[in-house]
Amino acid sequence: MAKPKAIQWLEEQTGQSIPYTTEKQVSEARERHLSVRVDRATAAALDAMAAERGATVSQLVRELLAQAVTERQSTVGLDAQALVDRLAADVAEVRRRLAG
């Protein structure tokens, strides 16, 4: 997209190049906004979790989503044996917690 005429005129007058970012470039650089609907019970649980952490619900949800994506990325490349080993370790941890 061409620079607006006012910026072009100013560049001609000053002999300097003025950086110009289009609205599209600005919106592409921003983080993506997501909107989700949850039932009342889930909303209440999220409110309680956020309050426990001293955070807003938005901050909590961003944190939870980041953790979920990180966990998926850490397991997506594992082969079958590595997945079995990880599952066995998780089961052992659950048994340890239930016993203790």
| task | Please list, chain by chain and in numerical order, all residues satisfying side-chain contact (heavy atoms from CB on, under 4.5 Å) with T70, sequence neighbours excluded. | result | none
| Contact check, side chains of L34 and V61, non-hydrogen atoms, under 4.5 Å | no
| said: I need the R86 CZ to S74 OG distance, nearest 0.5 Å. | reply: 4.5 Å
| For A82, side-chain contact (heavy atoms from CB on, under 4.5 Å) partners two or more places apart | L78, D79
| field | Backbone of T56 reached by a side-chain donor or acceptor of Q59 within 3.5 Å | value | yes
| How long is the gap from OG1 on T42 to CG on D47, to the nearest 0.5 Å? | 11.0 Å
| field | Nearest non-hydrogen partners of P19 and S17, listed with the distance | value | CD-O, 3.7 Å
| Considering residues at least two apart in sequence or located in another chain, which fulfil the salt bridge (charged side-chain N to carboxylate O under 4.0 Å, His left out) criterion with E93? | R96, R97
| Close side-chain approach of L64 to M49, heavy-atom, < 4.5 Å | yes
| said: My understanding is that only residues two or more places apart in sequence, or in another chain, count here; which of them pass salt bridge (charged side-chain N to carboxylate O under 4.0 Å, His left out) with R95? | reply: none
| query | What is the distance from atom CG of L60 to atom CD of E52, rounded to the nearest 0.5 Å? | reply | 9.5 Å
| Do V57 and V38 belong together in a cluster built from hydrophobic side chains that touch within less than 4.5 Å? | no
| note | Residue set satisfying salt bridge (charged side-chain N to carboxylate O under 4.0 Å, His left out) with R62, at least two apart, ordered chain then number -> none
| said: Test of understanding: with side-chain contact (heavy atoms from CB on, under 4.5 Å), list the residues that count as partners of I7, not counting sequence neighbours. | reply: K3, P4, E11, I18, Y20
